[in-house]
2 protein chains.
Amino acid sequence: MRQSREAKAVTHQAIVAAAARQFRERGIEGTSVGDVMRAANRTHGGFYRHFDSKEDLLVAALGRAFAEMLEVVDRGLSEVPAEQALGSFMRSYTAPERVEDVAGSCPVAALSNDVLRSTEVVQAEFGRGVRAMIRSLAEHLDGPEAEREARAARTFAMAAGAVMIARASDPETAERVLRAVRDEAASLASPPSRTMA
Amino acid sequence: MRQSREAKAVTHQAIVAAAARQFRERGIEGTSVGDVMRAANRTHGGFYRHFDSKEDLLVAALGRAFAEMLEVVDRGLSEVPAEQALGSFMRSYTAPERVEDVAGSCPVAALSNDVLRSTEVVQAEFGRGVRAMIRSLAEHLDGPEAEREARAARTFAMAAGAVMIARASDPETAERVLRAVRDEAASLASPPSRTMA
DNA sequence: AAATTAAGATGATATACGTCATCTTATGTA
DNA sequence: TACATAAGATGACGTATATCATCTTAATTT
């Protein structure tokens, strides 16, 4: 049964939303087109009216997941003074609710290893998201332009790394690693802070 | 045709070695028992004389991959003064050859997202490897005990995070992120260094 | 209002994978 | 030396998946 343009757009968004969650939750290979369509309350056959392939869907899902994440980060940092931005980011990125909510979390922490093994098209979209993330973080800092981006990139790498390690480890190990980077967050509260050394 | 105990042990090691590389290269779902056995120059049927399941093999492969990595790290840091240990580790962990060699690299950078979605048994083994890694790094530092481990954990998280992001991104984005953390490595050369702030 | 188009459902195809029963044959044991 | 055992090979089973042809039916278009 044919549906209207608007109905199709709604379906399209429902598919992307379901995919964005499932890819993060179950990984790329662990996510089937059929399951995504079921989660979107559709049958699997209609899928190819919206996307050329699973890869095509993945690109759209990544775009959406990064957009969600950027909004959360931007909102979270908008009220925070520049000196506390990195510490604040680190604390919220490594917060227990965030670590546990894989399906709704940062695509970098949920899908890096999957995207590594994916196509260039997917990696290009991923890279776009990473740059947007770093830029957004850097905009909330002060100091010389080049330095800000480097600091943002380092903090982002540390936060994402810690969350990935924590999620893949047993609870005690996870807690140890998260505690270590949260302590860093505390010292990042007042600049110029000192870190790993 | 039946084989001797020694021959079986050789086969066992060949399977684990092949698996350790394939899991890192292709991920957990991307690695099939059949492919592993083929890479080990065996047929798929003999597999279950050595392991109860694919998960069982994964645990063994993780153990081996971590052991390899620990040896490399230990050897690399044995000649380096304590003040330069973190910087040296960071530089070698993010070196281009290391980043490119997924199959022979650190299990954390290659498999975190896969292990996240695996069983508790696998996560326990992964956690063991992570702790061993952090302990090994911490042993090459100086300063109070508790502090050393935290610094080691932070540096490890940052290095692994950067490599995972770099591998999943397009080349330009990858280079930007790696450069940012390598600059950190330079400042880590002389303690007490300052970092992200 | 008639003709055309396309959204979504159904069903099928081709492929791949984990696992195991069974067979062969050489090893280790008595 | 003869028997029991088990390593590895072969082949099969059940299941799951991406993709697409086809069908139905409602929405556009003329």
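The shown structure was predicted, so the numbers you read here are calculated from the model rather than taken from an experiment. So you know, we letter chains A, B, ... as the sequences are listed, proteins then strands, and number each from 1.
With salt bridges taken as basic N to acidic carboxylate O contacts below 4.0 Å, none links B/Arg21 and B/Glu68.
At whole-Å resolution of the value, CD in B/Gln3 and P in C/dT27 are 8 Å apart. In this structure, the CZ atom of B/Phe47 is 14 Å from the P atom of D/dA7, given to the nearest Å. Rounding to whole angstrom units, NE2 of residue A/His50 and C1' of C/dA6 are separated by 11 Å. Rounded to whole Å, the distance from CD on B/Glu6 to P on D/dA6 is 16 Å.
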Decide side-chain hydrogen bond (donor to acceptor under 3.5 Å, both in side chains) for B/Arg167 and A/Gln123; before the verdict, give the C-alpha distance in whole Å, the side-chain angles of both, and the deciding distance to 0.1 Å. CA-CA 9 Å; B/Arg167 283 176 176 167; A/Gln123 293 175 356; over 6 Å; no
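The phosphate of D/dT29 has OP1 or OP2 within less than 4.0 Å of a side-chain N or O from A/Arg5. An OP1 or OP2 oxygen of C/dC20 is reached within less than 4.0 angstrom by no side-chain nitrogen or oxygen of B/Tyr48.
For A/Arg2 against C/dA7, a side-chain-to-base donor-acceptor contact under 3.5 Å is absent. For D/dG8, the base has a donor-acceptor partner in the side chain of B/Arg49 [N/O atoms by modelled type, under 3.5 angstrom].
Remark: A/Glu25 pairs with no residue by the side-chain hydrogen bond (donor to acceptor under 3.5 Å, both in side chains) rule, at least two apart or across chains. Residues meeting the salt bridge (charged side-chain N to carboxylate O under 4.0 Å, His left out) test with A/Arg128, sequence neighbours left out: A/Glu125.
Among the heavy atoms of the strands lying under 4.0 Å from A/Ser4 are primed sugar atoms or P, OP1, OP2 only; no base atom is included. Backbone-only contact: A/Ser32 has heavy atoms under 4.0 Å from sugar-phosphate atoms and none from a base.
No hydrogens or angles considered: a donor-acceptor pair under 3.5 Å links the side chains of A/Thr173 and B/Arg131.
Ring geometry for B/His50 against B/His12 counts as tilted: the plane angle lies between 30° and 60°, on a 0 to 90° scale. The aromatic rings of B/Tyr93 and B/Phe156 stand perpendicular to each other, their planes meeting at an angle above 60°, with 30° marking the opposite boundary.
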What does the list of N/O pairs under 3.5 Å between the protein and nucleotides 11-13 of chain C look like, with a distance for each?
from, atom 1, to, atom 2, distance (Å)
C/dG11, O6, A/His44, NE2, 2.5

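B/Glu55 is listed as a side-chain neighbour of B/Thr119, based on a closest heavy-atom distance under 4.5 Å.
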Table please: side-chain donor-acceptor pairs of residues 35-42 of chain A below 3.5 Å, with sequence neighbours left out.
from, atom 1, to, atom 2, distance (Å)
A/Asp35, OD1, A/Arg38, NH1, 2.8
A/Asp35, OD2, A/Arg26, NH1, 3.0
A/Arg42, NE, A/Thr11, OG1, 3.2
A/Arg42, NH1, A/Ala40, O, 2.6
A/Arg42, NH2, A/Thr11, OG1, 2.8

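In the helix from C/dA1-D/dT30 to C/dA30-D/dT1, the end axes, each obtained as the rotation axis mapping the C1' atoms of four pairs onto the next four within a five-pair block, lie 20° apart to the nearest 10 degrees.
Of the residues in residues 10-29 of chain A, none has a non-hydrogen atom less than 4.0 angstrom from any atom of DNA chain D.
Between B/His140 and B/Phe89, the ring center distance fails the sub-6.0 Å criterion.
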